[in-house]
Structures are given as structure tokens and as C-alpha cells.
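Structure, as C-alpha cells:
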Amino acid sequence: MQSVCVYCGSHSGSRPVYAEHARDLGQRLAENGLGVIYGGGNVGLMGIMADAALAAGGEVIGVIPEQLVDWEVAHPRLSRLEVVPSMHARKARMFELSDGFIALPGGFGTLDEMFEMLTWRQLGIGDKPCAFLDVDGFYEPLIGMMDRMVAEHFVNAEQRRDLWHGEEIDTMLEWMHSYRPANADKWLEEKRRSVPR
């Protein structure tokens with residue numbers, strides 16, 4: 001694993017603890033020699049995380065759609081900023097550049113990006129680790145919803161287990177380094193057999 005994509009809010013949230021975790025993550029990724037791929041903004045948790053990684057000597061690459069260059073205030077001091085034509089192009093480019101994905105707290109955009117990566121992995125399009133780095137229980141309701149999806153037979157239990165959720169950065173990075181993906185082909189074959197004909 002050489003680079004990690006971080007999805008997070010373009011706002012800093014209502015409590016200082018969100019910014020603290022974003023800063024800690026950026027610094028820790030740089031100290032571990034991991035390049036950071038993110039949305040390219042200079043605001044909110046995005047900017048805080050990127051600044052911390054840069055300050056620790058890390059490589060930080062931003063990928064931002066043309067429409068959001070002004071909205072998210074493109075970061076002027078990154079190792080590299082790539083401006084792409086659309087959100088679809090952004091997600092595809094981040095996927096190409098990254099060996100894994102981490103979600104810090106954020107809003108609709110953060111969840112959209114992370115769940116697309118989870119869906120791609122579920123369909124066998126990708127096989128890269130996905131982790132929800134929690135802050136003070138922020139993601140607990142979402143994880144509970146995933147467990148409900150399993151209980152109601154909308155998500156395969158093996159696919160649900162094929163992601164990480166927790167608060168410890170070192171534990172998360174250790175999991176990501178040793179990650180072995182669930183067998184998507186096996187899961188898809190089971191799904192095909194269960195479809196009424």
C-alpha cells in the first residue's frame with residue numbers, strides 16, 4: 001500500500017474533535033510514508049487533513065471537479081492538484097490513484113464516495129480496503145444500518161465484514177496493510193442462484 005484516499009467533510013463539523021482526528025490522520029499517513037489522495041479542497045476537514053499531511057512531509061494529491069474549484073476552494077499548496085470534468089471522473093481518478101479508502105466524518109458527498117467504492121468492491125470491480133475512521137461514535141448509526149441490511153438479507157454478511165470501523169488510526173492502518181478481500185465472485189454466484197427464475 002503506497003497511497004490512501006481520504007473522504008471527509010468540506011465543513012469542519014460542530015465540535016473540535018472532528019478537526020483533531022482529521023489532523024491526526026493526515027500526520028499519521030505522512031509519517032507512515034503513505035501518499036494522500038483527497039478531494040482537493042482547502043476548507044473544512046479536507047483542508048485540515050491535507051495541511052497536516054503536508055506539514056509532516058507527505059505527498060498530497062487533490063482531485064477536484066471543475067465545478068467545485070471555487071466552491072470547495074481548491075488547495076493552492078498541494079503536491080499536485082488534478083482538475084477533472086465531473087464528479088464521476090473524480091471518483092474514477094481517485095480509485096486509480098489509491099490503494100485503499102478511509103472515511104472521516106462528513107456529509108452526503110463523503111458517504112456517496114465511500115459507498116460507491118464499497119459497491120464496486122462488492123461487484124468485483126475493485127478489491128481495495130475500505131475503512132470508516134470513527135470519531136466519538138459518529139458512524140455508529142450507519143454501521144447499525146449496515147447490520148440491519150444484513151439481517152434483512154439485502155447485504156451479504158461476508159461483504160459486510162469486509163470493511164473496517166473503529167477509532168484507532170494505527171489499528172486501521174495495520175488492517176489495511178494486511179487486507180485480503182472477500183471473494184466477490186463467490187458472493188455474486190450465490191446471489192445469481194438466489195434470484196427467482
Side-chain angles (χ1 to χ4, degrees), residues 1-9 21-22 25 28-29 32 34-40 45-46 49 61-65 82 84 86-135 138-195:
M1 192 167 66
Q2 297 181 338
S3 61
V4 174
C5 179
V6 179
Y7 301 128
C8 56
H21 273 67
L25 177 62
R28 199 72 58 83
L29 291 175
N32 278 268
L34 293 168
V36 175
I37 315 299
Y38 87 116
L45 297 186
M46 296 171 71
M49 186 276 305
I61 299 172
V63 183
I64 191 167
E82 297 189 11
V84 295
S86 67
M87 286 295 293
H88 295 296
R90 177 197 230 180
K91 286 185 274 193
R93 183 60 178 149
M94 287 172 135
F95 178 82
E96 291 171 357
L97 293 170
S98 306
D99 299 315
F101 304 90
I102 299 169
L104 279 168
F108 289 159
T110 299
L111 293 184
D112 168 62
E113 291 171 318
M114 184 57 123
F115 271 95
E116 184 148 353
M117 294 303 103
L118 288 170
T119 302
W120 288 7
R121 196 180 60 183
Q122 186 182 54
L123 296 174
I125 297 171
D127 60 357
K128 302 174 183 182
C130 296
F132 287 88
L133 183 59
D134 213 339
V135 179
F138 180 84
Y139 278 122
E140 287 292 343
L142 180 64
I143 299 301
M145 188 66 234
M146 292 183 195
D147 291 336
R148 173 96 186 257
M149 291 173 183
V150 173
E152 299 293 343
H153 301 284
F154 289 108
V155 172
N156 180 275
E158 186 178 0
Q159 294 291 322
R160 160 63 185 89
R161 289 191 295 270
D162 197 33
L163 63 87
W164 187 90
H165 164 248
E167 294 189 29
E168 294 296 327
I169 294 173
D170 288 337
T171 304
M172 177 190 68
L173 292 178
E174 183 178 340
W175 176 84
M176 294 183 83
H177 278 292
S178 62
Y179 173 75
R180 296 293 180 269
N183 189 334
D185 290 340
K186 174 185 172 185
W187 181 80
L188 288 170
E189 183 57 35
E190 291 173 357
K191 188 173 181 67
R192 285 190 205 98
R193 289 199 300 268
S194 69
V195 173

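The first residue in the sequence is number 1, and the count goes up from there. Side chains included, hydrogens not; waters and symmetry mates left out as well; all remaining heavy atoms used.
- Counting all heavy atoms, side chain and backbone alike, Lys128 lies closest to Ser98 at NZ-O, 2.7 Å.
- A donor-acceptor pair under 3.5 Å is formed between the side chain of Asn156 and the backbone N or O of Glu158.
- In terms of heavy-atom proximity, Trp175 sits nearest to Pro129 at CZ3-CB, 3.6 Å.
- A donor-acceptor pair is defined here as one N or O able to donate and one able to accept, closer than 3.5 Å; no such pair exists between the side chain of Tyr38 and the backbone of Met94.
- Nearest approach of Val84 to Ala89, heavy atoms of both residues: CB-CB, 4.0 Å.
- For NE2 of His177, the number of neighbouring non-hydrogen atoms (other residues, nucleotides, ligands) closer than 6.0 Å is greater than 12.
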Donor-acceptor pairs under 3.5 angstrom involving side-chain atoms of residues 161-172: please list them, not counting sequence neighbours.
from	atom 1	to	atom 2	distance (Å)
Asp162	OD1	Tyr179	OH	3.0
Asp162	OD1	Ala182	N	3.4
Asp162	OD2	Arg121	NE	3.3
Asp162	OD2	Tyr179	OH	2.8
Asp162	OD2	Ala182	N	3.4
His165	NE2	Asp134	OD2	2.7
Asp170	OD1	Arg28	NH1	2.8
Asp170	OD2	Arg28	NH1	3.3

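- Counting heavy atoms from C-beta on, the side chains of Phe101 and Phe95 come closer than 4.5 Å.
- Summarising the geometry of Leu97 relative to Ser3, their closest heavy-atom pair is O-OG, 2.6 Å, with the distance given to 0.1 Å.
- In this view, Lys91 and Asp112, Glu116 satisfy the salt bridge (charged side-chain N to carboxylate O under 4.0 Å, His left out) rule, not counting sequence neighbours.
- Listed here is the closest heavy atom pair of Ala103 and Thr110: CB-CG2, 4.3 Å.
- Within 6.0 Å of the CD atom in Gln2, the count of heavy atoms belonging to other residues, nucleotides or ligands does not exceed 12.
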Practice prompt. Begin with the C-alpha distance, continue with both residues' side-chain angles, and end with the deciding distance and a verdict on side chain to side chain contact (heavy atoms under 4.5 Å, CB included) for Glu113 and Arg90.
Written response: CA-CA 10 Å; Glu113 291 171 318; Arg90 177 197 230 180; 3.5 Å; yes
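- Among all heavy-atom pairs drawn from Pro105 and Leu45, the shortest one is O-CD1, 3.4 Å.
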Practice prompt. Begin from the C-alpha positions of Phe138 and Leu133 and carry the test side chain to side chain contact (heavy atoms under 4.5 Å, CB included) through to its verdict.
Written response: CA-CA 9 Å; Phe138 180 84; Leu133 183 59; over 6 Å; no
